[in-house]
Amino acid sequence: MKRRDFFKTGIMAGAALSLNFEGLQAALASNTMTVQQAPDLVAVMGSEPEAMLDKALEALGSIDKYVKKGQKIVIKPNIGWDRSPEMAGNTNPELIQALVKRCLNAGASKVTVFDHTCDNWQKCYDSSGIAAAVKAAGGVIVPGNDEKYYKTVPLPNGVSLKSTQIHEALLEADAWINVPVLKNHGGAKLSCAMKNYMGIVWDRRFFHQNDLQQCIADICTWPKKPVLNIVDAYRIMHQNGPQGKSLADVASIKSLIASPDIVAVDTAALRMFNQVKKLDMEAVGHIGKGEEMKLGSTDLDKLNIQRIRI
């Protein structure tokens with residue numbers, strides 16, 4: 001496959017966008033991995049969401065490594081906005097549908113999907129395509145629009161956020177998978193795996209009123225961590241996030257990143273984002289704070305990273 005085929009045309013200010021794949025390779029530079037050793041992080045590029053998911057799971061050791069028979073699984077996408085998939089405000093529904101199927105095929109007894117949306121939850125679930133995708137795959141989609149669904153949990157390792165209310169679906173789950181969409185965000189600057197935690201809590205106002213970057217890192221100290229983080233970068237909103245205004249805000253880069261390390265996956269996602277629009281690590285303070293709190297590593301050079309081109 002020729003280099004120009006790795007990333008298809010994206011939409012930026014009404015013009016075609018082509019990404020420098022060699023630059024992306026350098027951005028995600030890593031040690032050479034051996035055949036026997038599973039990578040710490042996988043970046044897949046150049047195909048449709050389901051195909052990229054399968055390649056990532058295969059490289060990481062299969063879905064069975066993360067989902068066990070009989071388990072109740074929660075998949076947490078970003079479904080925050082009343083936007084169609086083309087706007088990239090929410091996680092790609094094709095990816096969620098494929099992941100629900102893979103979890104059920106691995107023997108999960110139940111797969112639940114939810115988000116605490118910003119816009120009307122029913123409109124978000126429908127416009128995003130995720131409600132229909134989950135139902136088609138055999139999963140269960142539940143609302144997060146009422147405080148009755150949330151219970152208070154302590155966060156003893158939090159700096160600004162010492163406790164919060166978390167959705168009961170996560171509290172009752174045996175394991176969960178974090179599936180954000182990579183995009184620009186006005187407050188946090190970048191919305192990805194760590195930022196996606198804000199959709200599991202009830203009171204998001206506290207985050208915005210008490211050092212947003214620190215609170216994002218704090219919520220990620222909750223001991224029940226996702227078994228896997230899967231970043232949807234099929235389309236990315238590179239400006240005017242988190243909602244977007246038009247298709248001029250969206251670039252199509254047909255990529256996916258997966259890792260159990262939430263700090264590493266956000267670091268890799270930031271470097272991928274920088275192939276479209278430059279954003280300093282310092283601006284995305286929660287990533288560095290996450291590393292300081294020993295939630296993962298920003299030093300990608302010390303990780304085994306497998307890059308797969310389809």
Side-chain angles (χ1 to χ4, degrees), residues 49 53 63 66-67 71-85 88-104 106 108-153 155 164-183 185 191-207 216 219-220 222-232 242-243 262:
L53 173 66
I63 190 66
Y66 304 101
V67 176
Q71 283 188 330
K72 292 183 292 184
I73 302 296
V74 165
I75 295 172
K76 168 57 180 73
N78 187 325
I79 330 176
W81 304 100
D82 180 11
R83 293 290 186 271
S84 65
N90 306 301
T91 306
N92 192 298
E94 295 178 27
L95 175 59
I96 298 304
Q97 182 169 335
L99 184 57
V100 171
K101 288 181 179 178
R102 300 308 180 271
C103 290
L104 290 171
S109 61
K110 182 180 181 181
V111 179
T112 301
V113 178
F114 85 95
D115 192 13
H116 182 190
T117 65
C118 298
D119 290 336
N120 176 274
W121 73 274
Q122 291 173 314
K123 290 183 177 180
C124 292
Y125 281 24
D126 290 341
S127 298
S128 67
I130 290 178
V134 171
K135 292 173 184 176
V140 178
I141 191 156
V142 299
N145 66 315
D146 196 302
E147 191 173 1
K148 69 183 181 182
Y149 300 123
Y150 298 80
K151 297 179 181 177
T152 301
V153 300
L155 298 170
T164 194
Q165 293 166 283
I166 290 180
H167 197 288
E168 62 187 6
L170 275 180
L171 299 176
E172 296 169 0
D174 295 303
W176 68 289
I177 302 174
N178 187 20
V179 194
V181 62
L182 173 60
K183 61 178 179 176
H185 189 277
S191 182
C192 199
M194 294 179 69
K195 174 67 172 60
N196 202 40
Y197 267 71
M198 285 184 69
I200 74 173
V201 305
W202 174 247
D203 186 8
R204 290 185 295 241
R205 292 172 300 177
F206 184 91
F207 286 68
I216 292 172
I219 184 59
C220 293
W222 185 44
K224 195 172 190 176
K225 294 177 172 37
V227 293
L228 189 61
N229 303 282
I230 302 172
V231 176
D232 165 31
Q243 298 186 62
I262 197 167

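Across all non-hydrogen atoms, the minimal contact from Gly89 to Trp81 is O-CD1, 3.6 Å. Nearest approach of Arg83 to Asp119, heavy atoms of both residues: NH1-OD2, 4.4 Å. Here the closest non-hydrogen pair linking Cys124 and Ser128 is O-OG, 2.8 Å. Taking both residues in full, the closest heavy atoms of Ile73 and Cys103 are given as CG2-SG, 4.2 Å, listed atom of the first, atom of the second, then distance. Closest non-hydrogen pair, Val181 versus Thr91, comes out as N-OG1, 3.6 Å.
When side chains are defined from C-beta on, Ile216 does not count as touching Tyr197, because their heavy atoms never get closer than 4.5 Å. Looking only at side-chain heavy atoms (C-beta outward), Ile200 and His116 stay at 4.5 Å or farther from each other. Looking only at side-chain heavy atoms (C-beta outward), Val201 and Phe206 stay at 4.5 Å or farther from each other. The closest side-chain heavy-atom distance from Val113 to Pro77 is below 4.5 Å. Asp115 is listed as a side-chain neighbour of Asn78, based on a closest heavy-atom distance under 4.5 Å. Taking 4.5 Å as the limit, some side-chain heavy atom of Cys118 sits within range of a side-chain heavy atom of Arg204. At a threshold of 4.5 Å between non-hydrogen side-chain atoms, the residues Val67 and Leu228 do not count as touching. Trp202 is not listed as a side-chain neighbour of Thr164, based on a closest heavy-atom distance of 4.5 Å or more.
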Which pairs would a plain distance check flag for residues 168-180, meaning a side-chain donor or acceptor within less than 3.5 Å of a matching protein atom at least two apart in sequence or in another chain?
from: Asp174; atom 1: OD2; to: Lys72; atom 2: N; distance (Å): 2.7
from: Trp176; atom 1: NE1; to: Lys224; atom 2: O; distance (Å): 2.8
from: Asn178; atom 1: OD1; to: Asn196; atom 2: ND2; distance (Å): 2.7
from: Asn178; atom 1: ND2; to: Ala193; atom 2: O; distance (Å): 2.9
from: Asn178; atom 1: ND2; to: Asn229; atom 2: OD1; distance (Å): 3.1

Counting only pairs under 3.5 Å, give me each side-chain donor-acceptor contact of residues 131-152, with atom names and distances, residues two or more places apart or in other chains.
from: Asp146; atom 1: OD1; to: Lys148; atom 2: N; distance (Å): 2.9
from: Glu147; atom 1: OE2; to: Gln165; atom 2: NE2; distance (Å): 3.0
from: Tyr150; atom 1: OH; to: Gly144; atom 2: O; distance (Å): 2.7

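Distance CG/Leu95 to CD1/Ile75: 8.5 Å, rounded to 0.5 Å. Atom CG of Asn92 and atom CG of Leu53 lie 11.0 Å apart (nearest 0.5 Å). Atom OG of Ser84 sits about 13.0 Å away from atom CG of Asp126, to the nearest 0.5 Å.
Asp82 and Ser127 share a side-chain donor-acceptor pair at under 3.5 Å.
In this structure, the side chain of Asn120 engages the main chain of Gln122 through a donor-acceptor pair within 3.5 Å.
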